[in-house]
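I have placed the structure first, in the form of structure tokens, so that the comments after it can refer back to it.
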Amino acid sequence: MTTLYCMKCGQKLPLPFHCGQPMHEEKIHNQDKLVCWMGPTCGEQEIPLHCERPMTVKG
Ligand SMILES: [Zn+2]
Ligand SMILES: [Zn+2]
């Protein structure tokens, strides 16, 4: 299962859902974002921070 992982402390969190499915990582304007499976026009958000750095999408 794909999770958000903090490289610093090892915390794992579930990916947020959009339109009934987990979001995935995608580059939007050269920045990594979490994007809905329906596309960025449906939903996009910043990758959550943990220990003051963006978490890693792992799975
Ligand atoms: Zn969506
Ligand atoms: Zn952390």
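Just so it is clear, the structure is predicted and the values come from calculations on it, not from any experiment. Indexing begins at 1, ligand by ligand and atom by atom, following the structure's order.
- Checking side-chain atoms of Trp37 against main-chain N and O of Met23 turns up no donor-acceptor pair under 3.5 Å.
- Counting heavy atoms from C-beta on, the side chains of Leu4 and Pro48 come closer than 4.5 Å.
- Protein contacts to the Zn ion (ligand 2) involving N, O or S atoms at a distance below 2.8 Å are Cys6 SG, Cys9 SG, His50 ND1, Cys51 SG.
- Relative to the ring axis of Tyr5, Lys12 does not place its NZ or CZ within 45° and under 6.0 Å from the centre.
- The two residues Cys6 and Met55 come nearest to each other via the heavy atoms N-CE, 3.7 Å.
- Counting only heavy atoms from C-beta outward, the side chains of Lys58 and Thr2 never approach each other to under 4.5 Å.
- The count of protein N, O or S atoms under 2.8 Å from the Zn ion (ligand 1) stands at 4, with waters excluded from the count.
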task: Determine, stepwise, if the pair His24 / Val35 fulfils side chain to side chain contact (heavy atoms under 4.5 Å, CB included).
output: CA-CA 5 Å; His24 63 276; Val35 175; 4.2 Å; yes
task: Under the salt bridge (charged side-chain N to carboxylate O under 4.0 Å, His left out) rule, what do Lys33 and Glu26 come out as? Steps first, then yes or no, please.
output: CA-CA 6 Å; Lys33 305 267 188 177; Glu26 201 173 302; over 6 Å; no
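- To the nearest 0.5 Å, atom CD1 of residue Ile28 and atom CD of residue Gln45 are 12.0 Å apart.
- Looking at Pro16 and Leu34, their side chains come closer than 4.5 Å, going by heavy atoms from C-beta outward.
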